[in-house]
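Data first, discussion second: the structure below is written as structure tokens.
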Amino acid sequence: MPGADPRYVRYVALGDSQTEGLGDGDDTTGLRGWADRLAEHLAQHNPGLEYANLAVRGRLARHVRTEQLAAALALRPDLATVVAGVNDLLRPRFDADEVAGHLEAMFAALTAQGARVATLTFPDIARITPLARPLSPRVTALNDRIRQAARRHGVTVAETSHHPVVTDPRLWSPDRLHASPLGHQRIAAAVAHALALPGSDDTWTHPLPSPATPSPTGWNATVAELRWAAAFLGPWLGRRLRGRSSGDGHTAKRPHLLAVPTPPGACSES
């Protein structure tokens, strides 16, 4: 709704590790993440805003639906974000229609209750991790279905998939699956812009001010990929083989609606 200036009282975020905030802080000092940053932006213009974050790392779209939707509805948000599907993309058996079906069920339930809902599209993983090139068609298929489901339910979509800046390595943590603090800032700004929030604009689509370090080429590129595979891909595959998830033993970091402090420049890059 361009030009609108709605007032929000309760914001609830549903999702997986990206919404939980992995890559932006740690489990010792605490995770921030794009949803926290968006809540801070909202609080600047919505005094008294309350915010809950139900996201848990490692969750598939069906887990987000079965474990988080009922709790979200009980909180009666007037704004909700629903972001899930990347963990599904990485599994051997991936069905874009099934994943989108879970997302659409959440869109339908939340909008039927009167919430404004926002989601986002995903960048091509192969542009970040060359070894993930076989997953490119999956990303395209899921993004198409997210857009279609969003249109059917009046859900706002932050189109983060096609802007060149989203694959700048400085926006990603070393595991190349989770955003860095700067990446989480950009995601928050993208969603704020899609929602036409006061103080938002399209600067999140702009290239970073200084050029990135050139990507390695030739043998150096091969060595970098092998190191990444050993440090991150190997452990991930090991968990899959053991039937484990990174989210085992984890619960939502902010399951209840709580007031949001209003830090200065919450969505600005620093």
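Worth knowing before you read on, the calculation uses all heavy atoms, side chains too, and leaves out hydrogens, waters and symmetry mates. Starting from 1, each residue takes its place in the sequence as its number.
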Name the residue from H184, Q185, E40 that meets the side chain to side chain donor-acceptor pair (under 3.5 Å) definition with R32.
E40
Taking side-chain contact (heavy atoms from CB on, under 4.5 Å) as the test, write out the residues that go with A141, two or more places apart.
A96, R145
Sequence neighbours excluded - salt bridge (charged side-chain N to carboxylate O under 4.0 Å, His left out) pairs with any residue from residues 104-113
E104-R152
In terms of side-chain geometry, is the basic nitrogen of R57 or D27 positioned less than 4.0 Å from the acidic oxygen of its partner?
yes
What about V157 and L89, same hydrophobic cluster or not, with Ile/Leu/Val/Met/Phe/Trp/Tyr joined at side-chain heavy-atom distances under 4.5 Å?
no
Any pair with a residue in residues 64-74 that passes salt bridge (charged side-chain N to carboxylate O under 4.0 Å, His left out), sequence neighbours left out, goes on the list, sorted by first then second residue, please.
R59-E67
Beyond-backbone contact of L42 with L195, side-chain heavy atoms, under 4.5 angstrom:
no
Checking D202 now: which residues fulfil salt bridge (charged side-chain N to carboxylate O under 4.0 Å, His left out) with it, not counting sequence neighbours?
none
If you look at every heavy atom in A43 and L49, which pair is closest and at what distance?
N-CD2, 3.8 Å
Verdict with reasoning, H41 to S200, per side chain to side chain donor-acceptor pair (under 3.5 Å)
CA-CA 9 Å; H41 184 128; S200 65; 5.3 Å; no
Hydrophobic cluster identity match, V83 and L177, side-chain contacts under 4.5 Å:
yes
Between N143 and S161, the two heavy atoms sitting closest are ND2-CB, 3.7 Å
Are there more than 12 heavy atoms of other residues, nucleotides or ligands under 6.0 Å from atom NE2 of H162?
yes
Quick one: side-chain contact (heavy atoms from CB on, under 4.5 Å) partners of A109, sequence neighbours excluded?
L69, L73
With sequence neighbours excluded, tell me which residues meet salt bridge (charged side-chain N to carboxylate O under 4.0 Å, His left out) with D24.
R37
Heavy-atom closest pair, residues V86 and D16:
N-OD2, 4.4 Å
Following the transitive rule for hydrophobic clusters with a side-chain heavy-atom cut-off under 4.5 Å over Ile, Leu, Val, Met, Phe, Trp and Tyr, establish whether V82 and Y8 coincide in one cluster.
yes
Sequence neighbours left out, what passes side-chain contact (heavy atoms from CB on, under 4.5 Å) with P123? Give chain and number order.
I128, T160, V166, W172
Minimum heavy-atom separation for L197 and L38, please, with both atom names.
CD1-CD1, 3.9 Å
Ignoring hydrogens, what is the shortest heavy-atom contact between A158 and A190? Give both atom names and the distance.
CB-O, 3.8 Å
Mind checking salt bridge (charged side-chain N to carboxylate O under 4.0 Å, His left out) for D88 and listing every partner two or more places apart, or none if nothing turns up?
none
Kindly write out the residues that satisfy ring pair (Phe, Tyr, Trp, His ring centres under 6.0 Å) with Y11, not counting sequence neighbours, or none if the list is empty.
Y51
What is the minimum heavy-atom distance between A80 and L110, and which atoms define it?
CB-CD1, 4.1 Å
Could you list the residues that satisfy salt bridge (charged side-chain N to carboxylate O under 4.0 Å, His left out) with E98, not counting sequence neighbours?
none
Sorted by chain and number, sequence neighbours left out, side-chain contact (heavy atoms from CB on, under 4.5 Å) with D144 holds for T140, R147, Q148
Excluding sequence neighbours, so at least two apart, what forms ring pair (Phe, Tyr, Trp, His ring centres under 6.0 Å) with H163?
W204
